[in-house]
Amino acid sequence: MTSHRSGRHFLQIPGPTNVPDRILRAIDRPTIDHRGPDFVRLAGEILERIRPIFKTAGPVVIYPASGTGAWEAALVNTLSPGDAVLMAETGHFASLWCAMAKRLGLEVQLLAGDWRHGVDPERVEAALAEDRTRRIKAVCIVHNETSTGVTSRVAEVRRAIDRAGHPALFMVDTISSLASIDYRHDEWGVDVTVAGSQKGLMLPPGLSFNALSEKALAAAKTARLPKSYWEWAPMLAANAKGVFPYTPATNLLYGLREAIAMLEEEGLEQVFARHGRHAEATRCAVRAWGLEVLCQDPREYSSSLTAVLMPEGQDADALRRLILERFDLSLGNGLGKLAGGVFRIGHLGAFNDLMLAGTLCGIEMGLRLFGCPVASGGVVEALACLTEGARQPVRRASAA
Ligand SMILES: Cc1ncc(COP(=O)(O)O)c(C=O)c1O
């Protein structure tokens, strides 16, 4: 046996995603003086052109950090010790954000969930209506739960907050939805949007983002949670001069400029349609295999990943191991309470029909070799779905 693997690895976890050659080439340049004129031009350009990706006219803060840092930044810049926050247990990542809020000294009011549905707007409305003393200072939700492949209806949650007439801030994690699934920071009245570089933006891990509303900036003036590295005010002051208050991730910013150019060239709406189409074809394959999609509400199907339930008694991790060893294809594992019970197919970022076809072929061959009692023909179904012009991707309710 040789350890050499011929051909290209298939990285089909739901992020980090495949980094396109164009972005790798853009990053592969000498690092420049981050206080010099060339950098000022680079930063100025990126800080402007990133806004339409969030569909905002407001400022976007860029941290040299993973997404977890941007979660923390959202909370510490806007809230004070003991403040209550309303969160929804949609899956593993929502639970981690919730645990972070508790560690920071916030009181979490949790809407429990079954990890197969998104945030229920009616329960948000009811919880806020009950909060007559206005103790809840923020509603924090995950747009696309990467552990479950469920996309919450952000616009409907916004309308629920408005119906309750509650002044809470609205914070949304778009780490696995930005630049993959329709998202509108301004139109949906989001105060802080949290995002990361390593998924729809097609970059390596290492950058994360906070898009800010006027209301979030006003809240930051009185927020008392301790902060230093994450503080928006010095970042925004430095950014106004085209620099950062500390050393930025210069080469990732070269990559970000290229990623924005690629998204502009394809057009955001086309990017969303492409993701929707690949997700639909993936679900066709899963159904033909006789397996179950974890997400139970078709309005909440994720366009960026599909979590698939293994038949009773079958180990998803053993299947993933076999597929990695035989076909050099990485699939996402089940996280938290879903460990061993599901595998996740990432179909986001720089991705096309043939990459999806290859991915589904690897899974179908893996299922056969694994001896999983499933029907073959998933790939055939997916190819039919991809080539049938009449078949449209599921319309996202949140875009209504
Ligand atoms: C929805 C979501 N939120 C938060 C995170 C945490 O981000 P990071 O691992 O970049 O810190 C992830 C990571 O995959 C995620 O998918």
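Order of listing sets the numbers, starting from 1, for every ligand and every atom in it.
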If you have a sec, work out which protein heavy atom is nearest [atom] and how many Å separate them, to one decimal?
{"atom": "atom 13 (C) of ligand 1", "answer": "Phe93 CE2, 3.4 Å"}
{"atom": "atom 2 (C) of ligand 1", "answer": "Asp173 OD2, 3.4 Å"}
{"atom": "atom 1 (C) of ligand 1", "answer": "Thr146 OG1, 3.2 Å"}
{"atom": "atom 14 (O) of ligand 1", "answer": "Lys199 NZ, 2.7 Å"}

* To do: Identify the two heavy atoms, one from Thr250 and one from His34, that lie closest to each other, and give their separation to 0.1 Å.
  =>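 What the structure gives for the nearest pair is OG1-CB, 4.3 Å.
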* To do: Please determine if Asn144 has a nitrogen or oxygen closer than 3.5 Å to a nitrogen or oxygen of ligand 1.
  =>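 There is no such contact.
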Could you tell me whether [X] approaches ligand 1 through its side chain, its backbone, both or neither, with non-hydrogen atoms closer than 4.0 Å?
{"X": "Trp97", "answer": "neither"}
{"X": "Gln198", "answer": "side chain"}
{"X": "Thr68", "answer": "both"}

* **Row check, Tyr254 ring normal vs Arg29 NZ/CZ: under 6.0 Å, within 45°** =>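 The answer is yes, since Arg29 meets both limits relative to Tyr254.
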For residues 82-96, please give each side-chain donor-acceptor pair under 3.5 Å, one per line with the distance, not counting sequence neighbours.
from, atom 1, to, atom 2, distance (Å)
Asp83, OD2, Ser80, N, 2.8
Glu89, OE1, Gly113, N, 2.9
Glu89, OE2, Trp115, NE1, 2.9
Ser95, OG, Gly91, O, 2.8

* Asked: Which residue pairs satisfy the salt bridge (Lys or Arg N to Asp or Glu O under 4.0 Å) criterion with at least one member in residues 50-78, sequence neighbours excluded?
  ->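 Found Glu48-Arg51, Lys55-Asp182, Lys55-Glu269.
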* Short list, please: which atoms of ligand 1 are under 4.0 Å from a heavy atom of Ser66? ->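 Once the distances to Ser66 are compared, the set is 8 (P), 10 (O), 11 (O).
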* Is the Tyr246 ring parallel, tilted or perpendicular to the Tyr229 ring (thresholds 30°, 60°)? ->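 Parallel, since the angle between the ring planes stays under 30°.
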* Apply salt bridge (charged side-chain N to carboxylate O under 4.0 Å, His left out) to the pair Arg299 and Asp297, showing each step before the final yes or no. => CA-CA 5 Å; Arg299 292 173 303 173; Asp297 184 341; 2.7 Å; yes
* I would like to know whether Phe351 and His278 meet ring-ring contact (aromatic ring centres under 6.0 Å, His included); could you show each step before the answer? => CA-CA 9 Å; Phe351 200 57; His278 288 151; 5.4 Å; yes
